[in-house]
There are 2 protein chains.
Amino acid sequence: MNVDGVPYRTIWPAADGRAVEIIDQTRLPHAFVTARLETLADAARAIRDMQVRGAPLIGATAAWGLALAMQADASDAALAAAYETLFATRPTAVNLRWALDDVRARLLPLDAGLRADAARARAAAICDEDAAICEAIGEHGLEFLQAAWDVKQARKQDGPVNILTHCNAGWLATVDWGTALAPIYKAHDAGLPVHVWVDETRPRNQGAGLTAWELGRHGVPHHVIVDNAGGHLMRRGLVDLCITGTDRTTANGDVCNKIGTYLKASAARDNFVPFYVALPSPTIDWTLEKGEDIPIEERDPAEVTTVTGRTADGRIETVTVTPEGSPAVNYGFDVTPYWLVTALITERGVCAAGRDGLARLFPERAAGRPDESTG
Amino acid sequence: MNVDGVPYRTIWPAADGRAVEIIDQTRLPHAFVTARLETLADAARAIRDMQVRGAPLIGATAAWGLALAMQADASDAALAAAYETLFATRPTAVNLRWALDDVRARLLPLDAGLRADAARARAAAICDEDAAICEAIGEHGLEFLQAAWDVKQARKQDGPVNILTHCNAGWLATVDWGTALAPIYKAHDAGLPVHVWVDETRPRNQGAGLTAWELGRHGVPHHVIVDNAGGHLMRRGLVDLCITGTDRTTANGDVCNKIGTYLKASAARDNFVPFYVALPSPTIDWTLEKGEDIPIEERDPAEVTTVTGRTADGRIETVTVTPEGSPAVNYGFDVTPYWLVTALITERGVCAAGRDGLARLFPERAAGRPDESTG
């Protein structure tokens with residue numbers, strides 16, 4: 001998407017063909033800085049230090065990391081070592097393992113002399129495939145935004161389509177387009193009037209920091225709100241629909257996503273506001289039956305007790321907001337049950353949230369599963 | 001309540017009888033500092049600069065402000081000027097006007113020579129009355145905590161009664177005891193095991209700052225959580241009940257309170273978690289029929305875009321969390337419809353949230369109103 005009029009992806013090959021470049025997301029939203037990754041170590045550090053984040057982008061960066069490793073040493077031993085180094089950076093990231101397995105399987109049968117070029121080609125293809133998945137989600141989700149616009153027109157309601165989103169499921173979390181934000185970019189680029197309510201998304205503020213930044217740089221109208229505000233906006237009729245991403249969705253359609261997603265889904269149901277989830281199919285966990293089966297990560301309480309931002313004179317500072325001696329608890333995610341989700345938006349099209357809907361879109365994955373429907 | 005073992009109120013007469021002392025709440029939770037108010041100007045500044053906040057405490061401070069004014073000059077002209085000065089500090093605060101009207105009406109018939117003593121006596125009585133209202137709320141609310149404990153015991157469930165609260169409705173917002181926290185203090189002091197989930201309460205962080213501080217200083221077990229976390233806790237069975245305060249409750253039982261309260265009430269209903277509101281009767285607005293009639297204050301967007309806390313080296317710093325060019329919107333309050341509220345806890349006892357329940361507890365106020373029941 002655009003950064004002040006210039007098209008960007010989150011990761012791209014350097015012009016000299018010997019490196020890959022990224023947007024250093026640790027500097028956002030306070031500074032827009034790109035970084036050049038020349039070695040395996042550079043790629044591993046970029047993932048570990050969260051210069052890149054978001055499951056699809058982590059996978060793409062890992063694929064490029066193998067390509068950079070093959071440039072220096074394309075032996076079997078070097079390939080194995082590079083795999084281990086990259087896998088250790090974020091061991092719970094599903095896309096990381098998938099990308100590493102994919103690239104390694106293609107390189108192992110090749111002569112060492114062919115591996116660097118093959119790895120670069122495959123890394124580039126993985127990036128293109130991710131962008132294509134996200135763009136397809138954008139096109140399918142656009143239908144809901146168009147429908148919301150048509151309803152507002154028919155009712156002679158003023159103003160744009162108001163969309164509430166939580167966390168960052170935008171192009172910064174992927175290679176391009178994003179997931180939840182892809183339909184919004186499609187609508188905006190097509191001239192459909194849209195306006196986004198951006199949940200701050202404490203504790204890490206990916207909404208206030210990343211979503212607001214990317215919407216602003218692309219020119220999409222938006223306002224940042226505290227996570228507490230969405231219910232009031234819904235009750236006052238100021239939200240036409242919600243769209244969020246998902247970190248993992250189980251076979252029955254339960255949606256695990258950033259903590260706080262469930263509260264918005266509950267209020268959306270209470271106010272007859274549609275609640276959509278943008279769901280790239282690699283995010284579906286067919287091995288889990290339901291959301292209660294997902295372990296919820298407990299993260300560092302310091303994320304709750306502190307906030308990082310920039311001071312009036314431009315320094316980046318971390319401040320503590322709690323009293324000394326008051327402990328905090330930090331759950332990273334919550335589960336929104338499928339019955340609160342109006343529809344899932346995948347790269348293959350949309351479906352009702354639930355076992356049947358997912359099985360119809362992905363029959364090859366759902367095959368062999370118990371023939372029972374709970375949704 | 002206690003501050004590290006020493007009993008405090010939020011406002012008290014100085015030992016020399018010539019001044020009143022307060023806790024400077026602008027310094028909390030990072031420093032515990034008291035301030036001495038010797039003049040009308042001191043009292044007005046304390047209210048305006050929010051060294052004291054919370055409707056009951058603002059009223060009490062205004063009453064003391066008149067007493068301090070009468071010490072210096074007890075003429076009719078001085079009384080009128082002091083009234084205007086204090087009323088201008090926070091013109092929308094209902095308790096402020098009530099306290100000023102009450103004290104002025106008692107002073108006007110008196111000779112000037114008697115006014116200073118009379119004003120001091122009345123200010124002290126207003127403080128005692130507020131503490132008595134809050135303590136009564138504590139005693140009535142304690143019944144729900146005791147019931148929750150009894151249920152856990154009968155089900156052989158481990159652990160304390162887990163209570164979720166939002167914002168600060170504790171003794172810092174009143175003269176003593178607080179409203180939502182009064183039942184918790186009563187339970188804790190009676191030896192009932194309680195544990196409080198403290199919502200951070202963005203944007204001004206009254207939960208992370210004030211509620212956590214006062215619970216910690218009194219010794220009540222608690223954890224601070226981000227505002228996003230409560231839904232997940234409820235779904236996992238980690239919340240036995242919610243209690244919040246209210247800024248204004250309408251005749252039908254709709255509860256206006258700090259932004260975000262409604263999201264917790266919606267999730268509580270979704271998870272069969274009782275949701276109680278502590279309601280001192282001066283907070284009931286009998287002139288409004290329902291929550292939709294309440295104008296919702298839009299506050300400075302800078303409260304959303306920035307966070308204030310202390311740095312590692314102990315300085316108080318304000319940092320910006322949003323990108324330049326991203327606007328924010330800041331609604332101060334939301335309305336929780338009465339049907340999401342399990343019960344209202346008043347100083348006269350508890351009642352079902354709704355017109356009938358309130359009318360039975362306060363027949364003298366509800367009299368003359370249309371004989372229709374919507375709740």
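Below, chains carry the letters A, B, ... as their sequence lines are ordered, and counting in each starts from 1.
Looking at B/T308, the atoms closer than 4.5 Å to chain A (heavy atoms on both sides) all sit in the backbone: N, CA, C or O. Both the backbone and the side chain of A/T322 come within less than 4.5 Å of a heavy atom of chain B. For A/L340, the part lying under 4.5 angstrom from a heavy atom of chain B is the side chain only. For a residue to count as touching a neighbouring chain, one of its non-hydrogen atoms must lie under 4.5 Å from one of that chain's; by this rule A/R269 does not touch chain B. In this structure, the portions of A/R310 lying under 4.5 Å from any heavy atom of chain B include both its backbone and its side chain.
With sequence neighbours left out, the ring-ring contact (aromatic ring centres under 6.0 Å, His included) criterion links A/Y331 to B/H232.
Within residues 292-303 of chain B, the residues that have a heavy atom under 4.5 Å from a heavy atom of chain A are B/E292, B/I294, B/I296, listed by number. Listed by sequence position, A/H166 are the residues of residues 164-173 of chain A in contact with chain B, using a 4.5 angstrom heavy-atom cutoff. Contacts between residues 211-224 of chain B and chain A, counted as heavy-atom pairs separated by less than 4.5 Å, involve B/A212, B/W213, B/R217, B/H222, B/H223, B/V224.
A salt bridge links B/D199 with B/K264: at least one charged nitrogen is closer than 4.0 Å to a carboxylate oxygen. B/E200 has no carboxylate O lying under 4.0 Å from a charged side-chain N of B/R202, or vice versa, which leaves the two without a salt bridge.
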*Should B/D247 and B/K258 be marked as a salt bridge (charged side-chain N to carboxylate O under 4.0 Å, His left out) after you check the CA-CA gap, both sets of side-chain angles, and the distance that decides it?*
CA-CA 8 Å; B/D247 290 86; B/K258 186 65 55 191; 5.3 Å; no
